[in-house]
Number of protein chains: 2
Amino acid sequence: MAMDISAEELAVRLQDRGLRLTRPRRVILEVLRGLDTHPTAEELYFLVKQRLPHISLGTVYRTLGILEDLGLVQELTVEKRGTRYNGNPQPHYHLACRRCGRVVDLDLPLLNELNAQVAAQSGFAEVTHRLEFCGYCPACQRENGSPP
Amino acid sequence: MAMDISAEELAVRLQDRGLRLTRPRRVILEVLRGLDTHPTAEELYFLVKQRLPHISLGTVYRTLGILEDLGLVQELTVEKRGTRYNGNPQPHYHLACRRCGRVVDLDLPLLNELNAQVAAQSGFAEVTHRLEFCGYCPACQRENGSPP
DNA sequence: TTACTTGCAAATGATTTGCTCTAAA
DNA sequence: TTTAGAGCAAATCATTTGCAAGTAA
């Protein structure tokens, strides 16, 4: 199943860098992969805590940093509202609600040809991009006025 | 000249909201408009300080927040490296260096048709987007290894 | 056994806020 | 004058880091 593949992937990629597969690392990735939301480090911390009651927030931050380096999770910076983490490793774009901060994944073709275009016109190398949409989600369009 | 237009714009827009046109507000906008870089609040603070030695960092932050509300400057969040401010009020995309953090404006057609497409498929309203590129700038491609 | 990791707490860095005095209108 | 705004410093918030104890390999 998907979860096993993740754990295997994780073990291999950690070993490649001389890092160990520990319980917190495995559980953090599993929990994040099991979500279709995009939690902050703190939100994820509380979720993981249900399985590992002694986990610390520092470990969550450290682990997320490693998982990002390994390409297993993506960070996304939803304007001002802090960093959120995405367990979906396929590249895709996001749509965030300006009012409540909720983030959803979008199904949109990737604009990868732009990277080469930008590299050519700027002289920058290894160009990638991030495309983020924001608007007001259906719920917030109704509840306009009341707090998030 | 352009600077006068900005000051006029500023006065009008502030008055519309019952806000006053003060020396710090005028100077902060002038300095930012006069740059083709994208300074952090602190960098801008030091620049403004050359003209207004008693200015405080808090005032710079407060003023930038107001100018953003007024649509006179844009905030941009270059992943992790903090918020930068852009005095160029025309919508455009950015390219940042992963290593030194430098940001340049790009001359690329706007992808505004995507907003409607995303709104239609998601039910979100007033959809806008932000497209940011990153890569390694020419200088950092050479100096690879040494600190930024 | 031998590092790498963790949990904890303290440190950091960016941004915000409270308060008193100053200065637009 | 009157009241919004500035300057200053303390507070806040997210994230990082140092260190002693725990645990993969």
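When reading the values below, keep in mind they use all heavy atoms of this one structure, side chains included, and skip hydrogens, waters and symmetry mates. Each chain gets a letter, A, B and so on, in the order the sequences are listed, and its residues count up from 1.
In this structure, B:Y61 reaches the C:dT15 phosphate: one of its side-chain N or O atoms is under 4.0 Å from OP1 or OP2.
A straight line from CG of B:L44 to P of C:dA14 spans 15 Å, rounded to a whole angstrom. Going from atom CZ of A:R17 over to atom P of C:dC4 covers 15 Å, rounded to whole Å. Rounding to whole angstrom units, CG of residue A:L21 and P of C:dT6 are separated by 10 Å. The CG atom of B:L52 sits 10 Å away from the P atom of D:dA6 (whole-angstrom rounding). The CD1-P distance, from A:I28 to C:dT5, rounds to 13 Å in whole Å. Nucleotide C:dA24 holds its P atom 9 Å from the CZ atom of B:R26, rounded to whole Å. Rounded to an integer number of Å, the gap from B:D69 CG to D:dG5 P is 13 Å. The CG atom of A:L57 sits 9 Å away from the P atom of D:dT15 (whole-angstrom rounding).
Between B:L111 and B:Y93, the shortest heavy-atom contact is N-OH, 2.8 Å. Contact between A:Q141 and B:G123 at its shortest, heavy atoms only, is NE2-O, 2.8 Å. Here the closest heavy-atom approach between residue B:I28 and residue B:T59 is recorded as CD1-O, 4.3 Å.
In terms of position along DNA chain D, the nucleotide closest to B:I55 lies nearer the 5' end than the nucleotide closest to the other residue of the pair A:T22 and B:I55. Of the two residues contacting DNA chain C, namely B:E42 and B:Q15, the nearest-nucleotide position lying further toward the 5' end is that of B:E42.
If you check the side chains of A:N88 and A:H38, you find no donor sitting under 3.5 Å from an acceptor.
Checked against C:dT15, D:dG7, D:dT15, the side chain of B:H54 finds its nearest nucleotide in D:dG7. For B:L19, counting side-chain heavy atoms from C-beta on, the closest listed nucleotide (C:dT15, C:dG7, D:dG5) is D:dG5. Of the candidates D:dG7, C:dC8, C:dA14, D:dG7 carries the atom nearest the B:S56 side chain, counting heavy atoms from C-beta on. In the set C:dA24, D:dT15, C:dT5, the nucleotide with an atom closest to the side chain of B:R20 is C:dA24. Checking D:dA6, C:dT5, C:dT15 against the side-chain heavy atoms of B:R62 singles out D:dA6 as nearest.
Residue B:R25 is classed as a sugar-phosphate contact, given heavy-atom separations below 4.0 Å to backbone atoms only.
Remark: of the listed residues A:E42, A:E43, A:E75, A:E43 is the sole one forming a salt bridge (charged side-chain N to carboxylate O under 4.0 Å, His left out) with A:R84.
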